[in-house]
Colleague: 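If you scroll down you'll find the structure; I have some questions about it.
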Amino acid sequence: MTLEKKFCSFIDNLVDGDYEHNHSFFRKTVDALRLEILYLYSIGVSVYTLMDNSEVNLYFLQILENTLYDLDLDKPMLYLFSPCRDYVWDKSHESKAVKLLVDEVVYIRKRATTDPAVFEMLYRAVIHNSDILLLMDKDRESKYYKYAVKAGKEIHLLNPVEMEFTIENASGTRGSRKLRNAIFAKSDIEREYLEQKKRVEFLEKQAYLKTMQTLLRPNTQEANSKLLKQYTLEANKLNEECDLLESILNLNDDAINQHYWNWKKKDDLLNDILSTEMENGGREKVKNAKIDAAQYWKILKQAIFAVQRQSKR
């Protein structure tokens, strides 16, 4: 299944006084950015927008390029938003280097200006032209964070000062879109497929957050490892079901649809038993329910295979 094309803006709002200049701080920050870049790549981010007022832009682009190059992954499109062609700030040598690395420079104004409103237009344009804001900051008080919230953007807040990372404000955008898709689904099977894909996305995001937390705070590794295993097992099971549902949607066969609902009924019963009987010592009941669900799953897969083989003749 192809991923949606997504745009991400990167803004660093940290200043020198916010953190200690030591090897551990910078190493963890770089490692966190590398992990975030790979996650963003995995969910379809293929365009980055940057703001022409931060020397960190150069470091970020170097980390971005090295991370993707190491794994032989496609480089994203890069856009730098600048106030005007004649704009020069105190780190102009950094700005020139960044302009050489990006694919395009977008100018807010054609001519030089000292109008402070231009700088507000600048960061708003950067955030507006993205789905996700990757913000490095020590808190949630900045104009960047507040505008992203107002604009309904998904915010990935990396706080290297407190060694924290969160993903916020996501439910209002992607969540509502998926809900609309489910409401207007053409069939119950399609609705089921969309709901399961949403569940997989949630589990994968939770797993990613725990991975990032372990990186930033190694003392959480033991607790996070157990949760990661749980998320992975559940996501793998749902991914297998989604693959099967995709095949069912393509076949559009009433008999196959019925086989799916027969299995689903047994699987729901198994989950109900697992949540109640294990506490009451009902191991035999659980065992029988697992066998039942496995048999119906096998019947479903065999029926799909049979129809697929027949359609190829």
Colleague: Can you tell me how far apart OG (S46) and CG (D74) are? Round to the nearest 0.5 Å.
Modeller: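 Going from the OG atom of S46 to the CG atom of D74 covers 9.5 Å.
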
Colleague: Of L14, L33, T166, which meets side-chain contact (heavy atoms from CB on, under 4.5 Å) against L158?
Modeller: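 One option only clears the test, and that one is L33.
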
Colleague: What pairs with T29 under side chain to side chain donor-acceptor pair (under 3.5 Å), at least two apart in sequence or on another chain?
Modeller: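 Counting only residues at least two positions away or on another chain, T29 forms no side chain to side chain donor-acceptor pair (under 3.5 Å).
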
Colleague: Identify, with sequence neighbours excluded, every residue that meets salt bridge (charged side-chain N to carboxylate O under 4.0 Å, His left out) alongside E162.
Modeller: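 Salt bridge (charged side-chain N to carboxylate O under 4.0 Å, His left out) list for E162, sorted by chain: empty.
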
Colleague: Looking at side-chain heavy atoms only, is the closest gap between Y145 and K150 below 4.5 Å?
Modeller: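 A side-chain contact under 4.5 Å is absent here.
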
Colleague: Check side-chain contact (heavy atoms from CB on, under 4.5 Å) between L100 and all other residues, then give those that pass, not counting sequence neighbours.
Modeller: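 So L100 forms no side-chain contact (heavy atoms from CB on, under 4.5 Å) with any residue.
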
Colleague: For D139, check side-chain contact (heavy atoms from CB on, under 4.5 Å) against everything at least two apart and list the hits.
Modeller: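 Scan of D139 (side-chain contact (heavy atoms from CB on, under 4.5 Å), adjacent residues dropped) gives D137, E141.
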
Colleague: With sequence neighbours excluded, what pairs up with W263 under the ring-ring contact (aromatic ring centres under 6.0 Å, His included) test?
Modeller: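 Expected list: Y260, W297.
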
Colleague: Are the side chain of N159 and the backbone of K138 linked by a donor-acceptor contact shorter than 3.5 Å?
Modeller: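 Present.
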
Colleague: Under 3.5 Å, is there a donor-acceptor pair between the side chain of D103 and the main chain of L78?
Modeller: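 Flag set: sc D103 to bb L78 pair under 3.5 Å.
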
Colleague: Kindly determine whether L122 and Y107 satisfy side-chain contact (heavy atoms from CB on, under 4.5 Å), including the steps that lead there.
Modeller: CA-CA 9 Å; L122 177 66; Y107 295 102; over 6 Å; no

Colleague: Kindly compute the distance separating CD1 (I37) from OG (S42), expressed to the nearest 0.5 Å.
Modeller: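 It is 12.5 Å, given to the nearest 0.5 Å.
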
Colleague: So, taking the atom named CG in L238 and the one named CZ in R199, what distance separates them when rounded to the nearest 0.5 Å?
Modeller: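 It comes to 7.0 Å.
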
Colleague: Kindly compute the distance separating OG (S82) from NZ (K99), expressed to the nearest 0.5 Å.
Modeller: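 One finds 4.5 Å between OG of S82 and NZ of K99.
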
Colleague: Carefully, step by step, assess N262 and Q258 under the rule side-chain hydrogen bond (donor to acceptor under 3.5 Å, both in side chains).
Modeller: CA-CA 6 Å; N262 290 344; Q258 189 56 53; 3.0 Å; yes

Colleague: Please check if the number of heavy atoms outside K290 that lie under 6.0 Å from its NZ is greater than 12.
Modeller: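 No, the 6.0 Å shell around NZ holds no more than 12 heavy atoms from other groups.
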
Colleague: Strictly distance-based, threshold 3.5 Å: is any side-chain N or O of D131 a donor or acceptor partner for the main-chain N or O of F7?
Modeller: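 The answer is yes, because a donor-acceptor pair under 3.5 Å joins these two groups.
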
Colleague: By ring-ring contact (aromatic ring centres under 6.0 Å, His included), which residues pair with Y123, not counting sequence neighbours?
Modeller: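 Y144.
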
Colleague: Near K298 NZ, under 6.0 Å, is it more than 12 heavy atoms from other residues, nucleotides or ligands?
Modeller: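 Count not over threshold, so no.
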
Colleague: Quick one: ring pair (Phe, Tyr, Trp, His ring centres under 6.0 Å) pairs with a partner in residues 208-231, sequence neighbours left out?
Modeller: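 Of all non-adjacent pairs touching residues 208-231, those that pass ring pair (Phe, Tyr, Trp, His ring centres under 6.0 Å) are Y39-Y208, F165-Y208.
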
Colleague: Holding to ring-ring contact (aromatic ring centres under 6.0 Å, His included), I want the full list of residues that pass it with F81, two or more places apart in sequence or in another chain.
Modeller: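 Once residues adjacent in sequence are excluded, F81 has no partner under the ring-ring contact (aromatic ring centres under 6.0 Å, His included) criterion.
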
Colleague: Rounded to the nearest 0.5 Å, what's the gap from NE2 on H259 to NZ on K301? Could you check?
Modeller: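 Spacing of NE2 (H259) from NZ (K301) equals 15.0 Å.
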
Colleague: With Q221, which residues qualify under side-chain contact (heavy atoms from CB on, under 4.5 Å), at least two apart?
Modeller: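 Partners of Q221 under the side-chain contact (heavy atoms from CB on, under 4.5 Å) test: T214, S225.
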
Colleague: Charged N to carboxylate O below 4.0 Å: is that the case for R191 and D188?
Modeller: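 Counted as a salt bridge, because a side-chain N and a carboxylate O are separated by less than 4.0 Å.
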
Colleague: Quick one: list whatever passes side-chain contact (heavy atoms from CB on, under 4.5 Å) with N257, sequence neighbours left out.
Modeller: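 side-chain contact (heavy atoms from CB on, under 4.5 Å) list for N257, sorted by chain: I189, I248, D254.
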
Colleague: For the backbone of E190 and the side chain of S187, can you confirm whether one donor and one acceptor N or O come within less than 3.5 Å of each other?
Modeller: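 At least one qualifying donor-acceptor pair exists.
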
Colleague: Which residues pass the side chain to side chain donor-acceptor pair (under 3.5 Å) test with K266, not counting sequence neighbours?
Modeller: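 For K266, the residues satisfying side chain to side chain donor-acceptor pair (under 3.5 Å) (neighbours in sequence not counted) are D292.
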
Colleague: Salt bridge or not for E241 and K197, using N-O below 4.0 Å?
Modeller: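 No.
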
Colleague: Enter the distance from I132:CD1 to S9:OG here, rounded to the nearest 0.5 Å.
Modeller: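 It comes to 9.0 Å.
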
Colleague: List the residues meeting side chain to side chain donor-acceptor pair (under 3.5 Å) with E120, not counting sequence neighbours, and say none if there are none.
Modeller: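 Testing E120 for side chain to side chain donor-acceptor pair (under 3.5 Å), a comparison that skips the adjacent residues, returns R124.
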
Colleague: After noting the C-alpha distance and the side-chain angles of K153 and E168, does the key distance pass the salt bridge (charged side-chain N to carboxylate O under 4.0 Å, His left out) rule?
Modeller: CA-CA 9 Å; K153 303 299 181 180; E168 305 171 13; over 6 Å; no

